[in-house]
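Data first, discussion second: the structure below is written as structure tokens.
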Amino acid sequence: MTQNGEHYRCGFVAVVGRPNVGKSTLINAVLGSKISIVSPKPQTTRHRILAVQSTDAYQLVFIDTPGLHRKADRAMNRMMNRTAAAALADADVILFVCEADRWKPEDQDVLERIKAARAPAIAVMNKVDRVHPKSALLEKIAAMSTRHDFAEIVPISARRKDNVDRLLAVLPDYVPESPPLYPDDIVTDRGEWFRVAELIREKLTLLLRDELPYGLTVQVERLDRKDDRVLIHAVIWVERDSQKRIVIGKGGSMLKEVGSAARVDIARQLGERVHLELWVKVKDNWADSDRDLKSLGFDTF
Ligand code: GDP
Ligand code: MG
């Protein structure tokens with residue numbers, strides 16, 4: 001029983017949608033901190049991440065998914081699709097995130113998967129800050145309601161945190177009565193090493209932009225605490241020598257910039273002083289091989 005005499009609720013909320021609609025931004029807005037990295041490029045999220053929101057009446061366990069990909073021709077894309085499918089199967093309720101101002105064939109693909117899942121779906125129309133005039137929103141909501149029998153349709157702006165509280169207010173109704181699954185002081189099941197690697201990858205994504213190599217990944221190899229500092233040793237894996245040159249930049253300038261931006265963010269997150277060492281290494285075509293993906297710590301099902 002909770003303080004106000006109701007039964008505790010707890011369940012899984014799958015956050016799905018095509019790449020770049022704002023799923024990670026939404027989860028971060030809900031949790032009020034940077035759980036999952038956010039970037040303007042698609043394919044930023046490759047892992048399944050649990051973010052946990054606990055109150056004295058309910059606990060919501062969010063599953064942030066990699067975007068579903070149409071082309072499943074590379075091992076990495078196939079694995080991302082499997083991860084997202086598993087999130088749907090586990091869910092008590094599905095948050096179908098899309099952009100309020102556009103509807104793409106890829107959105108329809110994701111919706112088809114949602115229709116096949118047993119959990120109720122809430123349509124989250126994100127980025128309403130881009131809809132002008134505001135009156136146009138009503139039309140868009142009406143159009144959305146014809147696409148599927150959604151449990152709710154909630155327009156939000158994840159970036160501005162507009163209406164996110166309304167979404168949170170309805171969510172607990174869709175999870176079952178259950179004791180909490182996680183201690184109330186944890187916000188993610190991902191460890192420190194993973195989060196550090198993700199922050200480094202975020203900086204690479206932001207700084208390299210269109211030059212970001214497709215197969216790039218980051219692996220933390222060491223994380224030690226010594227004196228008053230955290231010593232971190234991380235490897236940036238790329239697929240070819242030419243990509244290695246891009247990541248390092250002229251005279252090491254790019255790698256330096258990535259390193260100092262990442263260090264600032266990691267230090268803020270950990271609340272400690274950080275010494276960061278980055279290495280760039282070439283691993284031939286690892287994104288095509290399931291075995292190599294496993295050795296780099298990707299989820300496999
Ligand atoms: P994901 O691939 O679905 O996880 O998308 P991200 O959370 O990484 O966001 C993709 C891009 O959309 C980023 O540039 C975000 O800053 C941007 N974005 C997210 N939410 C909003 C929003 O409410 N309004 C606007 N204008 N942009 C947003
Ligand atoms: Mg994401």
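The chain is numbered in sequence order, starting from 1.
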Atom pair CG/CD1 of L88 and I94 - distance to nearest 0.5 Å: 5.0 Å
Spacing of NE2 belonging to H233 relative to CD belonging to Q219, to within rounding of 0.5 Å: 10.0 Å
Same apolar cluster (I L V M F W Y, side chains within < 4.5 Å links), V170/V93: yes
S157 backbone acceptor or donor facing D162 side chain under 3.5 Å: no
Min side-chain heavy-atom separation R113-D109 under 4.5 Å: no
Reference residue V258; test side-chain contact (heavy atoms from CB on, under 4.5 Å); the match among T205, L206, L207: L207
Heavy atoms of other groups near K256 NZ, more than 12 under 6.0 Å: no
Derivation and outcome, side-chain contact (heavy atoms from CB on, under 4.5 Å), residues L199 and V218: CA-CA 9 Å; L199 283 172; V218 179; over 6 Å; no
Donor-acceptor pair, side chain of D107 and main chain of K104, under 3.5 angstrom: yes
From L95 atom CG to K23 atom NZ, the distance as rounded to the nearest 0.5 Å: 11.5 Å
Side-chain donor/acceptor of E211 to backbone N/O of L208, under 3.5 Å: no
Plane angle bin for W103 and F96 - parallel if under 30°, tilted between 30 and 60°, otherwise perpendicular: perpendicular
V282 with L216, same ILVMFWY side-chain cluster at under 4.5 Å: yes
Closest non-hydrogen atom pair, F62 against I27: CB-CD1, 3.9 Å
Heavy-atom pair with the smallest gap, counting every atom of Q243 and V238: OE1-CB, 3.6 Å
Nearest-0.5 Å distance that lies between atom CD1 in I200 and atom CG in L204: 8.0 Å
Close side-chain approach of K244 to V247, heavy-atom, < 4.5 Å: no
V21 and L26, any side-chain heavy atoms less than 4.5 Å apart: no
Point-to-point distance, once rounded to the nearest 0.5 Å, from CD1 of I156 to CG of L168: 9.5 Å
Taking every non-hydrogen atom, the tightest pair across Q59 and S54: NE2-OG, 2.9 Å
Pair E198 + R195: basic N to acidic O under 4.0 Å: no
Ionic contact status for D227 with R229, cut-off 4.0 Å: no
Evaluation steps, side-chain contact (heavy atoms from CB on, under 4.5 Å), between I246 and M254: CA-CA 8 Å; I246 290 171; M254 177 54 77; over 6 Å; no
Atom CG of D149: over 12 foreign heavy atoms under 6.0 Å: no
Test item: R263 and I266 side chains (from C-beta on) under 4.5 Å apart, heavy atoms: no
Salt bridge present between E99 and R18 (N-O < 4.0 angstrom): yes
Side chains of Q53 and L171 in contact at under 4.5 Å (non-hydrogen atoms): no
Side chains of M144 and C98 in contact at under 4.5 Å (non-hydrogen atoms): yes
R130 atom CZ, over 12 foreign heavy atoms within 6.0 Å: yes
Donor-acceptor contact below 3.5 Å, side chain Y58 vs main chain C10: no
Atom of P176, atom of G11 and distance for their closest heavy-atom approach: CD-CA, 4.3 Å
Least distance between heavy atoms, A100 atom then V131 atom: CB-CG2, 3.8 Å
Worked check of side-chain contact (heavy atoms from CB on, under 4.5 Å) between E221 and W279: CA-CA 10 Å; E221 294 201 318; W279 298 88; over 6 Å; no
Salt bridge (charged side-chain N to carboxylate O under 4.0 Å, His left out) assessment of K226 paired with D224: CA-CA 6 Å; K226 213 171 168 190; D224 299 321; over 6 Å; no
N126 side chain vs A158 backbone, donor-acceptor pair below 3.5 Å: yes
Intermediate values then yes/no, side-chain contact (heavy atoms from CB on, under 4.5 Å), I236 and L255: CA-CA 10 Å; I236 299 164; L255 194 59; 3.7 Å; yes
Nearest atoms (heavy-atom pairs only) where F150 meets I122: CD2-C, 4.3 Å
Rounded distance (nearest 0.5 Å) linking atom CG of D129 with atom NZ of K134: 6.5 Å
